[in-house]
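A short write-up of the structure that comes next.
Reminder, nothing fancy here: chain letters follow the sequence lines and each chain counts from 1. Please read these numbers as outputs of a predicted model, since none were measured by experiment.
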Amino acid sequence: MPSTSKNHTKTPERNLFTRIYKIVDQIPAGKVVTYGQIARKLGNPRLAQVVGWALHVNPSPIKTPCHRVVNREGKLAENFGFGGWETQQELLKKEGITFETPHKVDLKKFGTSEL
DNA sequence: GGCGTGACTTATA
DNA sequence: ATATAAGCCACGC
């Protein structure tokens, strides 16, 4: 029996990272989601930090639309990995998302609460 | 196996 | 409104 304490990573089924990628991959186009929203799906809203880390080390930025993930304020990451928040801004604009400010997105309209 | 850090969030002052 | 503290998980040393 798996009394190995916890699945010490390398276990996709238990690995939070894999779950995060799956959730992010299911974000509909033209919508954005917050880290806390994903974290809540994982079971703990405090996992938001892990979500950020997951996207930071995300192996496939193309398969994982991390540009649709923003922080609680709807703002973009200042240290975005693509090459800057400007890249994310362009991508979101293509999806039809508008910005209240260059760094902030209108969560009231694009916040996916149905995820 | 411990300690610090991180694309975060929430609560409290 | 800003500042500080605590919380969670994964990674690197």
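Residue A:W85 is not grouped with residue A:L55 when hydrophobic side chains (ILVMFWY) are merged at heavy-atom distances under 4.5 angstrom, including chains of intermediate members. Taken together through direct or relayed side-chain contacts under 4.5 Å among Ile, Leu, Val, Met, Phe, Trp and Tyr, A:V69 and A:L76 form parts of separate hydrophobic clusters. By the criterion of side-chain heavy atoms lying less than 4.5 angstrom apart, applied directly or through intervening Ile, Leu, Val, Met, Phe, Trp or Tyr residues, A:L92 is not grouped with A:V51; the two fall into different hydrophobic clusters.
By the 4.5 Å heavy-atom criterion applied to side chains, A:L16 and A:R19 are counted as neighbours. With contacts defined as side-chain heavy-atom distances shorter than 4.5 Å, the pair A:L42/A:I23 qualifies.
For A:Q49, the side chain to side chain contact (heavy atoms under 4.5 Å, CB included) test picks out no residue, with sequence neighbours left out. With sequence neighbours excluded, the residues satisfying side chain to side chain contact (heavy atoms under 4.5 Å, CB included) with A:Q26 are A:K22.
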Pairs of donor and acceptor atoms involving the side chains of residues 95-110 of chain A, under 3.5 Å and at least two apart or interchain, shall be tabulated with distances.
{"unit_1": "A:E95", "atom_1": "OE1", "unit_2": "A:G30", "atom_2": "N", "d": "3.0"}
{"unit_1": "A:E95", "atom_1": "OE1", "unit_2": "A:R68", "atom_2": "NH2", "d": "3.4"}
{"unit_1": "A:T101", "atom_1": "OG1", "unit_2": "A:K104", "atom_2": "N", "d": "3.0"}
{"unit_1": "A:D106", "atom_1": "OD1", "unit_2": "A:K108", "atom_2": "N", "d": "3.1"}

Under 3.5 Å, which N/O atoms of the protein pair with N/O atoms of nucleotides 3-8 of chain C?
{"unit_1": "C:dC8", "atom_1": "O2", "unit_2": "A:R46", "atom_2": "O", "d": "2.5"}

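Taking 4.0 Å as the cutoff to heavy atoms of chain A, we find the contact window on DNA chain B bounded by B:dG6 to B:dT10.
Put simply, CG on A:N15 is 10 Å from C1' on C:dC9, counting in whole angstrom units. Distance CD (A:E73) to C1' (C:dA1): 11 Å, rounded to an integer number of Å.
Sequence neighbours left out, not one pair with a member in residues 25-52 of chain A passes salt bridge (charged side-chain N to carboxylate O under 4.0 Å, His left out).
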_Run A:Q88 and A:V70 through side-chain contact (heavy atoms from CB on, under 4.5 Å) and show every step you take._
CA-CA 10 Å; A:Q88 183 176 10; A:V70 293; 3.9 Å; yes
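Residues of residues 92-101 of chain A that place a heavy atom closer than 4.0 Å to DNA chain B do not occur. Listed by residue number, the members of residues 102-109 of chain A with any heavy atom below 4.0 angstrom from DNA chain B form an empty set.
How far OH of A:Y35 is from CG of A:L47: 14.5 Å, rounded to the nearest 0.5 Å.
Shown here for A:A48 and A:A39, the closest heavy-atom pair between the two residues is N-CB, 3.4 Å.
In this structure a side-chain-to-backbone donor-acceptor pair under 3.5 Å is present from A:N71 to A:G74.
In terms of position along DNA chain B, the nucleotide closest to A:W53 lies nearer the 5' end than the nucleotide closest to the other residue of the pair A:W53 and A:R40.
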